[in-house]
Every structure is written in structure tokens, then in C-alpha cells.
Amino acid sequence: METTVAEDQAAGHGRPLAPRGARGAVARLLRLPGGRARRWAAWCAMPPLALVSVVVLARAADTDGITPIPQLLAFLPWLLVPAALGLLLSTAARWPLGCGWALAAAAATGWFIQPYDGGSPPEPRGPVLARLRVMTANLEFGQAREGLLSALRRERPDLVAVQECDTRCAAALDSAAVRGAYPYRSVALGDSAAAGSAILSRHPLTRAEGVRGTLRMPGAVVRVAGQRLRVQVAHPMPPMPGQVDLWRTELGRLRAYAAGRDGETTLVAGDFNATQDHAAFRAVLDTGLRDGARATGVSRTPSWPSTTTPVLGAQIDHVLVSRALRPRTARFLDLPHTDHRALLVELDLYGQQS
């Protein structure tokens, strides 16, 4: 029986012929590299690439998924690190599939790092009626109350949303100096040091029904330059393992509040325990609220945890505003004895927008 030279060579080496054409290219792409060291590098590249892929797919699917996806979504920009590690290991292994996988994962992550616009309203029109300085600060069980008082004296905000205000915090805010600067307030203490919240105002304030939550989220109506301004503190539960559904539910209540504003000028400020990479937070933005930090070019500036900011962290503290409020500047402030940075946003208030 006659044989070809190629068949004789394959038989002599004891292995079948490699497929040719497109089929052969696919087979070579999918095959792990030869050699123990290269194969080991390829196997080591898989876990970081799989991690990035799962989180990015959840982001693309507009879902927060289950633990640990919501927790990882908070740090989505940092997924570029495991993607780069996967690319490095795949390159060392000379594994084409791994290199392509890593590049695709990095490209998708980079795409979603872009600031989220959502349903941002058009720019307001007409004359500016007033300029407001709005601050939100999480005091971590009331520990940062002295830092907050110092920031109030230094920055002189017009409206202040305070989270994790305990009885000591409430007493500090009730001092003569603070009452002189902020004669209008709504303080709602909870059953723990983390549960209390407060609204301070230089302008006349009427208490309003707040959003229901495990932690107190008071609401108010503030009169500024003859205009009604709805103010709501945000402090939903964090997406801890076993509490993701509760976190999602409470963010959903904040979304319902924002969606039901019926054209009224609205401001929602606080610790949302969520970033723009969480679908539940994007749903709030999609009601037409504008993120003050995003609008002023400081989107993704980390506000938590303060021990690693501004190098590493997540922006979970936000000031969201409706169309009649145009953000001018936004700054993150370091307060001692809290794991959050405060956020100060300067806004222009326009007349009621149609």
C-alpha cells in the first residue's frame, strides 16, 4: 500500500496529522500550550480572566447578580489589574486564546469605565435664582462629628445631609453655634449608632415623609428663593453577603421617590452604598437625576474606604439633582475618624423647569 510522505512522518512520530485550514487554526487556538511551565502559566491565567469576565458580563447584562458580583462591581475599574495579569501569563505561555480573552476583557472593562450618563436632563434655562452649597457626610457611627463641625465652619454649606448620626452627633448638632448657622433641621435617630441621619439647612425647612429603610432616611421640603426644593437623605443598606436583596429593595425605594417627583425640584444626597456600575443605582439616575460629581468632571473619585482613597476605592457617596439644579463644582473632603470622605457640591438653582 502506498503512503504519502506526510503520512509516513506522522506515523513515524506516533501522532495524527494536524487539521488544516480554518479548522486547524481554531484547533491550535483552543489548544493549551505545550511544555509544563507554559501550560502552568496558561492555567494560572484562567482564574483572573474568568473573574473579570463574569463581572463584566453582569455589567453588560444590566444586572447586579448575586454575591460576590455586587461587591466586585463597586471596584470595576480595578478589574483592569487581573485582566493585565491574565494577559501577562497568557503571553508568557504563548497561548493565543488567553491573549485574545485578556484583551477582550480589558477592552470591555475600559468601555464600562466611561462615566454613565443615563437619563441626564438637559441643561436648565432662565435666570439663576440662588447658589447653593450642598454637603453630604457619613460620620461612621458618629465618630467624625468634630470633623463635620470643622468642615461646616470652614466650607459653610447651605444644606447638609448627615448619615450615621448617633446621639452624640445629635447633641453636637444641637449646640448654639450650629443652631445659629443652621436654624432649620430634621434629625432622625435610629436604634443603632449607624441608623441615624440628619438634614441641616440655612433656609426654611419643613419635614416631609422620608424613604423607608433599615437605616433612617429623612426627607424635607426646603424653601430657597421662593422655590420648593425636595430634599432626601440616601442611606440604603450595603450589599453585604446575605443582604443583597435588601440593598436592592432599598435602592428601589429611592428610585421610586425620584421617579415620583412630578417635575418638582429634587435633591437626593448621601451614602448610596452603590456606584455607577451597579444596575440598581443606574436605575435611580435613569429617572432623570444628574450626578453632581459626574456633571463636574470628577466621576469615579473614590469616597470609600477613606484609608485607601484617593488611590483605591469606590465612589458610593453622591449628590443627585433634578434639572433645575445645575452642578458647578464638586469636591471630596477628608474628615477624621470616618471611613467615608465628605462630598461638597456647589449648585445653581434655576426657576421651575418645564
Side-chain angles (χ1 to χ4, degrees), residues 18-19 22-116 118 237-248 251 272-283 285 299-305 307-309 311-316:
R23 186 178 169 192
V26 172
R28 288 191 295 274
L29 183 67
L30 296 176
R31 188 172 60 236
L32 284 174
R36 180 177 297 178
R38 290 178 185 172
R39 191 175 293 112
W40 178 255
W43 279 109
C44 288
M46 290 184 186
L49 293 179
L51 172 71
V52 175
S53 299
V54 168
V55 178
V56 169
L57 284 173
R59 175 66 176 82
D62 199 31
T63 179
D64 294 319
I66 60 174
T67 298
I69 293 175
Q71 295 84 0
L72 293 171
L73 278 168
F75 298 94
L76 184 137
W78 296 97
L79 294 181
L80 288 173
V81 174
L85 176 61
L87 178 60
L88 180 63
L89 290 168
S90 298
T91 302
R94 299 182 187 177
W95 183 30
L97 175 62
C99 291
W101 185 4
L103 290 172
T109 303
W111 173 261
F112 288 122
I113 286 176
Q114 300 178 84
Y116 181 75
M237 289 291 286
M240 300 292 289
Q243 295 183 340
V244 172
D245 286 342
L246 177 59
W247 164 78
R248 190 180 287 115
L251 276 170
F272 284 78
N273 279 310
T275 73
Q276 70 169 48
D277 297 306
H278 289 113
F281 179 70
R282 292 195 301 277
L285 296 178
S299 178
R300 292 196 179 279
T301 302
S303 64
W304 172 90
T307 51
T308 58
T309 58
V311 177
L312 171 66
Q315 187 182 114
I316 62 175

Taking the side chain as everything from C-beta on, heavy atoms only, tell me whether [X] gets closer than 4.5 Å to [Y].
{"X": "Asn273", "Y": "Met240", "value": "no"}
{"X": "Phe281", "Y": "Thr275", "value": "no"}
{"X": "Val54", "Y": "Leu72", "value": "no"}
{"X": "Leu49", "Y": "Pro82", "value": "no"}

Any pair with a residue in [range] that passes side-chain hydrogen bond (donor to acceptor under 3.5 Å, both in side chains), sequence neighbours left out, goes on the list, sorted by first then second residue, please.
{"range": "residues 81-94", "answer": "none"}
{"range": "residues 47-62", "answer": "Ser53-Trp101, Arg59-Asp277, Asp62-Arg282"}
{"range": "residues 73-86", "answer": "none"}

Should we count CG of Leu312 as having more than 12 external heavy atoms under 6.0 Å?
-> yes
With sequence neighbours left out, the residues meeting side chain to side chain donor-acceptor pair (under 3.5 Å) with Thr67 are Gln71
Looking only at non-hydrogen atoms, find the nearest pair between [X] and [Y] and report the distance.
{"X": "Pro239", "Y": "Val244", "result": "O-CG2, 4.1 Å"}
{"X": "Ala93", "Y": "Ala42", "result": "CB-N, 3.7 Å"}
{"X": "Leu251", "Y": "Ala280", "result": "CD1-CB, 3.7 Å"}
{"X": "Ala102", "Y": "Ala83", "result": "CB-O, 3.8 Å"}
{"X": "Val56", "Y": "Ala108", "result": "CG1-CB, 3.4 Å"}
{"X": "Arg300", "Y": "Ile113", "result": "NE-O, 2.8 Å"}

Ring pair (Phe, Tyr, Trp, His ring centres under 6.0 Å) filter on Trp247, not counting sequence neighbours, yields His278
Apply side chain to side chain contact (heavy atoms under 4.5 Å, CB included) to [X] and list each qualifying residue two or more places apart in sequence or on a separate chain.
{"X": "Trp40", "value": "Cys44"}
{"X": "Leu246", "value": "Thr214, Met237, Glu250"}
{"X": "Ser299", "value": "Pro115, Gln276, Arg294"}
{"X": "Leu85", "value": "Pro48, Leu89"}

Between the main-chain N or O of Arg248 and the side-chain N or O of Asp64, is there a donor-acceptor pair closer than 3.5 Å?
-> no
Check: Ser303 side chain, Ile316 main-chain N or O, donor-acceptor pair, under 3.5 Å | yes
Indicate the ring-plane relationship of Trp304 and Phe75, choosing parallel, tilted or perpendicular according to the 30° and 60° boundaries.
-> tilted
